[in-house]
K.L.:
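What follows is a single structure, and I will ask about it in a moment.
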Amino acid sequence: MSADGTRAGLSREERFRLWVEAAEQVAAELQRTGAARDAAGADPVAEIDLLRKAGLLTIFLPEAVGGGGASTRQVLQIIRILAKGDTSIAQIATYHLFGTALGRNGANQALFARRAEGFLRQGWFHGGVAQAAYEPLISATPQGTGFVLNGSKPFASGAAVADTLHVWVRFAPGTEIGGGDAGGHIGQFVVPNPAPGLSFGHDWDNMGQRLTVSGSASFDNVAVSLDDLVAHRREDAPQTPAETLHVPIIQLAFGELYLGTGLGAFEEARDYIQTRSRPWLSSPVAKASEDNAGGRALRPALRRAGLGHRPVGCGG
């Protein structure tokens, strides 16, 4: 059986249970080491390898190409679990998981197949240089039979530690693609990392989400070909409903990041009360977990939040 539960005759529900178990194990390890890793502020290479070894990086690839065939709902649930352990890692995992679908239903199926092979056989990690077409875009200028990319973006979460990048561009005036005028079109290329002319500023010095490595990315005559082109269109061209779903899905994912972070904090507080905290100085009990004065006040709110029948660590 592969790490993501494929090729074993398992049902989708059985595979999902395996992914949940794997995500919980990863989250527990991330939680255990979180404070030290955040203080160190190193690139999350080891953390990505943890996801890779757990078989979680290929779950959103279609079953037809050897992936897990996870649904969007299932991926969102996995993101919530990971966020309980480390929101930074869950965020870049979000971009990777949904990024593996890049070009799935597009015209350049050879590119999608090449990337799927990289994810499945070589363990590639995906990152984006601008997760949507926000100005200023990287410029794409014809050169020979291909193009060169130039420009920079100040914010590129996960890109510095990714193996393959999704890059939004604007084509230079006069550009022709397939015999048609593509000047001014918005396009999307896939760029390998590393690549000649591609560099990262390593300038993400943030308080919070430190391990998303969300610093700058720069392109200095980075060469790409038509084989690397995902798609292009006029800026005012109408989009299909399916093409408009990416941003709402990512916003749903951020909701899961927030919820997972809150649940992780709640569980950490519960464990603190049960194992390390002291009761109030005037309390007659020996352990904080036996002190139910606050519990009676908190119980209705926690029930409404769906966090259990009673506050953890509260007696009576």
Side-chain angles (χ1 to χ4, degrees), residues 4 19 23 43-45 47-49 51-52 54-62 65-76 78-79 82-83 87-106 108-134 137-138 149 153 155-169 186-195 198 200 209 211-214 217 224 228-231 242-254 256-257:
D4 62 11
W19 300 332
D43 286 350
V45 175
E47 292 87 335
I48 292 170
D49 197 46
L51 295 168
R52 183 180 293 114
L56 293 173
L57 295 185
T58 57
I59 63 173
F60 198 50
L61 285 169
V65 300
S71 68
T72 298
R73 181 187 295 271
Q74 289 174 333
V75 172
L76 291 171
I78 296 300
I79 290 167
L82 294 175
T87 318
S88 288
I89 305 308
Q91 181 180 340
I92 60 174
T94 295
Y95 295 143
H96 165 84
L97 287 167
F98 289 117
T100 62
L102 180 66
R104 179 187 294 184
N105 300 314
N108 193 346
Q109 285 299 295
L111 176 59
F112 178 75
R114 168 158 50 100
R115 280 175 34 96
E117 183 74 11
F119 293 129
L120 290 163
R121 308 292 173 234
Q122 300 179 53
W124 284 358
F125 191 75
H126 167 97
V129 178
Q131 279 71 38
Y134 299 132
L137 297 177
I138 304 300
L149 308 184
K153 298 295 287 189
F155 186 81
S157 297
V161 292
D163 304 287
T164 176
L165 301 176
H166 174 203
V167 183
W168 288 86
V169 305
I186 291 175
Q188 304 169 59
F189 278 103
V190 166
V191 176
N193 181 27
L198 172 64
F200 300 96
Q209 297 301 87
L211 300 190
T212 59
V213 285
S214 297
V224 292
D228 305 314
L229 180 62
V230 180
E243 290 173 325
T244 68
L245 287 177
H246 177 71
V247 171
I249 288 173
I250 292 298
Q251 293 307 311
L252 284 173
F254 267 83
E256 298 294 346
L257 291 172

K.L.:
Does T87 have any side chain to side chain donor-acceptor pair (under 3.5 Å) partners at least two apart in sequence or in another chain, and if so, which?
P.N.:
T261

K.L.:
Going from CD on Q74 to CH2 on W19, what distance comes out if it is rounded to the nearest 0.5 angstrom?
P.N.:
5.5 Å

K.L.:
Under a 4.0 Å threshold between the charged nitrogen and the carboxylate oxygen, would R115 count as salt-bridged to D163?
P.N.:
no

K.L.:
Within this structure, what is the CG-CG distance for the pair L252 and L257, rounded to the nearest 0.5 Å?
P.N.:
11.0 Å

K.L.:
Could you pull out the closest heavy-atom pair between V65 and L61, with the gap in Å?
P.N.:
CG2-CB, 4.3 Å

K.L.:
How close do V161 and F125 get, counting heavy atoms only, and between which atoms?
P.N.:
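Nearest pair, atom of V161 first, then F125: O-CD2, 4.2 Å.
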
K.L.:
State which residues pass ring pair (Phe, Tyr, Trp, His ring centres under 6.0 Å) with H126; sequence neighbours excluded, sorted by chain then number.
P.N.:
none

K.L.:
Return the OG1 to OH distance between T212 and Y95, rounded to the nearest 0.5 Å.
P.N.:
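Answer for the OG1-OH pair, T212 versus Y95, is 8.0 Å.
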
K.L.:
For the residue pair L97 and L56, what are the closest heavy atoms and their distance?
P.N.:
CD2-O, 3.2 Å

K.L.:
Heavy atoms only: give me the nearest V129-A159 pair and the separation to one decimal.
P.N.:
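Scanning both residues completely, I find the closest heavy atoms to be CG2-CB, 4.4 Å.
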
K.L.:
Under the side chain to side chain contact (heavy atoms under 4.5 Å, CB included) criterion, do L102 and F112 qualify, and how do the steps go?
P.N.:
CA-CA 7 Å; L102 180 66; F112 178 75; over 6 Å; no

K.L.:
When rounded to the nearest 0.5 angstrom, what is the spacing between CH2 in W124 and CG in L57?
P.N.:
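Interatomic distance, W124 CH2 to L57 CG, rounded to 0.5 Å: 13.5 Å.
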
K.L.:
Identify the heavy atoms of N193 and A160 that sit nearest to each other, and give their distance.
P.N.:
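For N193 and A160, the tightest heavy-atom pair comes out as ND2-O, 3.6 Å.
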
K.L.:
Would you compute the distance between atom CD of Q122 and atom OG1 of T164 and round it to the nearest 0.5 angstrom?
P.N.:
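Reported to 0.5 Å precision, the distance equals 10.5 Å.
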
K.L.:
Using salt bridge (Lys or Arg N to Asp or Glu O under 4.0 Å) as the criterion, list what pairs up with R104, not counting sequence neighbours.
P.N.:
none

K.L.:
Looking at L120 and G66, what are the two nearest heavy atoms and their distance?
P.N.:
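It is CD2-O, 3.5 Å.
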
K.L.:
Quick one: CD1 on I48 to CG on L211, what's the gap to the nearest 0.5 Å?
P.N.:
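Going from CD1 on I48 over to CG on L211, the span is 10.0 Å.
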
K.L.:
Are F98 and H166, when compared by the centres of their aromatic rings, separated by less than 6.0 Å?
P.N.:
no

